[in-house]
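Bear in mind the structure is a predicted one, so any value in this text is a computation, not a measurement.
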Amino acid sequence: MVVGGAVGVGLTTTMLMVRLSRTAVIVERDLGRVAELTSDSEVLLGTLDILTTETTAAKDVSGQLADRCRRNLADLNRSGVLAGSGMTASCTLLLEQLVEHGMLTSTLLDAPERYQPALSRFRTLKEDFRKQVRQLGAHAAGIAELQTLLLDHRRRGALWVITIISLLYLAIVLAVRYWTTRQLVRPVQALVEASRDQQLHEKFFKLQASGPTEIQALTGNLASFVSNLQAEIAKRKTAQEQLRHDAFHDALTNLPNRAFLLERLANCRERSKRQPSYLYALIFLDIDNFKLINDNLGHSVGDELLVKMADRLDNCLRGLDTVVRVDRDSTARLGGDEFVVLLDGIGKPSDAVLVAERIQKAISNPFQLRGHEVVITASIGITLSETKQKSAEDLLRDADTAMYRAKLAGKAQHALFDEKMHAEVMASLRLENDLRWAVERKEFVIHYQPIVALESGIICAFEALVRWKHPVRGMVYPAEFVPVAEEKGLIVPLGRWVMQEACRQLRAWNDKLPPERALSININVSKRQVMDPGFVDLVHAVLEETGVEGRNVGLEITESLITEQTAKIIRVLQQLQRTGITLHMDDFGTGHSSLSCLHEFPLDVLKIDRAFAATTESNREYAAVVNAIVTLAHNLTMQVTAEGIESPEQFAQILALDCDFGQGYFFSKPLPAAEAEALIGQPLMARRSA
């Protein structure tokens, strides 16, 4: 019924729209005819207006002509011109002839009186026609308004049709959905419910038939399910607790980690805000030379050492006195060989120092590690909370800074942080940053200090000493920036530049000298440079690039270099020696190398430290030590260079000890290349003696 009604309404609306369209067509046609009639009427009115105007003009002309003729005749008669003569008759005859010839018709003469009624009727007809035209215009405007109304009605009808069709579609969808639900879904639901009821009935009858046994079995299954569920819940709780433990503890030592420490420090800071008298401290501990244990004994031994170190720290903290609250103290492992001890609630700053000393004493006992007895020391830094509020990261930074100060002071010590340390660290950071830019911008220069053959007194070599020409600070000497470059890995690119520049300068000097008087250049190389995998290839590349022979280049290495990774160092030195390069051990006698292994290294020259030259003048025992070094070196087919010679007396002592070469301010200080070149070929000892 709904569909039929909707279809009927749609058909009625469609027929109405068709009729409206036809009416609109007829109205448009009538409007066209009215427009044409109006146009023709306007043309006709214009013609009538012209004709009326001309007729009126003709009437006026005719009247004027007749009146003129009459006035002329009357004037002639009055003047007597025509009297007595036949002129009057002649004039009358003339007028008649004019009328006969059509030049002056009687109709024209009496035109005003004759045409007056016709003109009046014509004017009346014209006014009536104008009224009809105005009525036609009004009729046309009405027809146009009717057309607009018809168009609006057609639009509204179209909207109604669209609305009715949409409602009809919605009604059809709802009807189909209702029919589908009623005819398909509900029977299926009824079937499912019936099946479920049937299963329940069957289970009930089976349960009733089986009796208590089945009930007990079901009860047991339920209890087993509940037990399994509880076990699963407990397992999940255990896993969550393990995850939390792993998140806040170190896997190797099972100590709290950095995250746990930062959380504890945050709590301490909050407490110190509430209680101004509350103090806490951080002890930052780093194992000295831990890398040697890993490299020589293996990482597994190093890990075992860390575990036992953690146990000793825990035991040490549990044995603290009442000034330090043991139950709130904790240790936290930060890195490979770094530990931090948080002292929560100390009585006075000196208590932290006492704990550090106790830790030093506890770890000084040897560790038994897989058949090895290992004795270690630790560098400790201490920072106190005091009254100045700092973040957890700042406290860790300060403790780390104090630890490095203790390590630089000789290791196996402890240091208490102060603001001066922080200023020095910031200055070091600025120096490091400036040094990185200096390497890129090549802000370095090389000064050359002569090395004199003591037998002849002639310069036989120069030592290349790098200087940093800082754009603000001026000349910076190696003792200040070389350790930073070594620590931050900048020594490798810096050493490459020094080697290239020194060899280039040597080639320029030797090109001016005869071959038998060719000079040599000594270049200092650090441990990191020698251990760099590409160092040997770099030396070969520089020699080939500059055209310098290997025998004219000497590399000076420190005595401490041969105490670490002996086998690897020996291989590198042997590869360098095959190129003809001479190897010099610098500052011999100040390190910890063993004389028993000195013969294992392919060395060519020993350089005696300047400390011996400074003391031989006042202490004859040092002269005996230098004599022993010279004798040992000569027995090992090595030459000896004595550095630090600054006075004639020192020179005389060194000369008496049979050294091969001498170097120091007695001969010349390090000079720029141009000034050093001026000394080449001069007998320096003779000049100094003079």
If you round to the nearest 0.5 Å, how far is [atom2] of [Y] from [atom1] of [X]?
X    : Y    : atom1 : atom2 : answer
L435 : E440 : CG    : CD    : 10.5 Å
L229 : S224 : CG    : OG    : 11.0 Å
L265 : E270 : CG    : CD    : 12.0 Å
H584 : T582 : NE2   : OG1   : 3.0 Å
M403 : E338 : CE    : CD    : 5.0 Å
Q368 : L305 : CD    : CG    : 12.0 Å

Verify the distance criterion only: is there a donor paired with an acceptor across the side chains of [X] and [Y] at less than 3.5 Å?
X    : Y    : value
S379 : D288 : yes
R269 : S385 : no
Q663 : K607 : yes
D394 : S391 : yes

The criterion is side chain to side chain contact (heavy atoms under 4.5 Å, CB included); which residues satisfy it with [X], sequence neighbours excluded?
X    : value
K442 : W497
S364 : none
N294 : F290, H299

Side-chain heavy-atom pair [X], [Y] within 4.5 angstrom cut-off:
X    : Y    : value
I451 : E463 : yes
T641 : I608 : no
K411 : N289 : yes
I523 : E556 : no
K527 : E486 : yes
V492 : L490 : no
V340 : L285 : no
V355 : L343 : yes

Considering residues at least two apart in sequence or located in another chain, which fulfil the side-chain hydrogen bond (donor to acceptor under 3.5 Å, both in side chains) criterion with H470?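 side-chain hydrogen bond (donor to acceptor under 3.5 Å, both in side chains) check on H470 returns D434.
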K469: which residues meet the side-chain hydrogen bond (donor to acceptor under 3.5 Å, both in side chains) condition with it, sequence neighbours left out?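 side-chain hydrogen bond (donor to acceptor under 3.5 Å, both in side chains) list for K469, sorted by chain: empty.
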Between [X] and [Y], is there a donor-acceptor pair closer than 3.5 Å when you use the side chain of the first and the backbone of the second?
X    : Y    : value
D400 : L396 : no
Q360 : A378 : yes
D418 : M421 : yes
Q650 : E646 : yes
E501 : V498 : no
R312 : N365 : yes

Under-4.0 Å salt bridge between [X] and [Y]:
X    : Y    : answer
R258 : E393 : yes
E232 : R236 : yes
K361 : E357 : no
E304 : K308 : yes

How close do [X] and [Y] get, counting heavy atoms only, and between which atoms?
X    : Y    : value
E480 : V476 : OE1-CG1, 3.6 Å
A633 : L606 : CB-CD1, 3.7 Å
I283 : A352 : CD1-O, 3.8 Å
I581 : D604 : O-OD2, 3.9 Å
L573 : F601 : CD1-CD2, 4.1 Å
F367 : M309 : CE2-N, 4.1 Å

If the test is side-chain contact (heavy atoms from CB on, under 4.5 Å), which one of Y477, Y665, F462 qualifies with P670?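 Considering Y477, Y665, F462, a side-chain contact (heavy atoms from CB on, under 4.5 Å) with P670 is found only for Y665.
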Crowding at CD, Q275 (>12 non-hydrogen neighbours, <6.0 Å):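 Yes.
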L384 vs L279, test: side-chain contact (heavy atoms from CB on, under 4.5 Å). Steps then yes/no. CA-CA 7 Å; L384 304 172; L279 295 177; over 6 Å; no
Looking at F284 versus F417, is the centre-to-centre ring distance below 6.0 Å?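 Here the rings of F417 and F284 have centres that are no less than 6.0 Å from each other.
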Check against side-chain contact (heavy atoms from CB on, under 4.5 Å), L603 and V605: CA-CA 6 Å; L603 299 173; V605 180; over 6 Å; no
Verdict with reasoning, I557 to D586, per side-chain contact (heavy atoms from CB on, under 4.5 Å): CA-CA 6 Å; I557 61 176; D586 195 12; over 6 Å; no
Name the orientation class of the two ring planes belonging to F481 and W468 (parallel below 30°, tilted from 30 to 60°, perpendicular beyond 60°).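 Rings of F481 and W468: perpendicular, over 60°.
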Yes or no on side-chain contact (heavy atoms from CB on, under 4.5 Å) for I287 and L306, after CA distance, side-chain angles and deciding distance? CA-CA 9 Å; I287 300 175; L306 293 176; 4.0 Å; yes
Show me the side-chain donor-acceptor pairs of residues 531-541 shorter than 3.5 Å, one per line, residues at least two apart or across chains.
from	atom 1	to	atom 2	distance (Å)
D532	OD2	G534	N	3.1

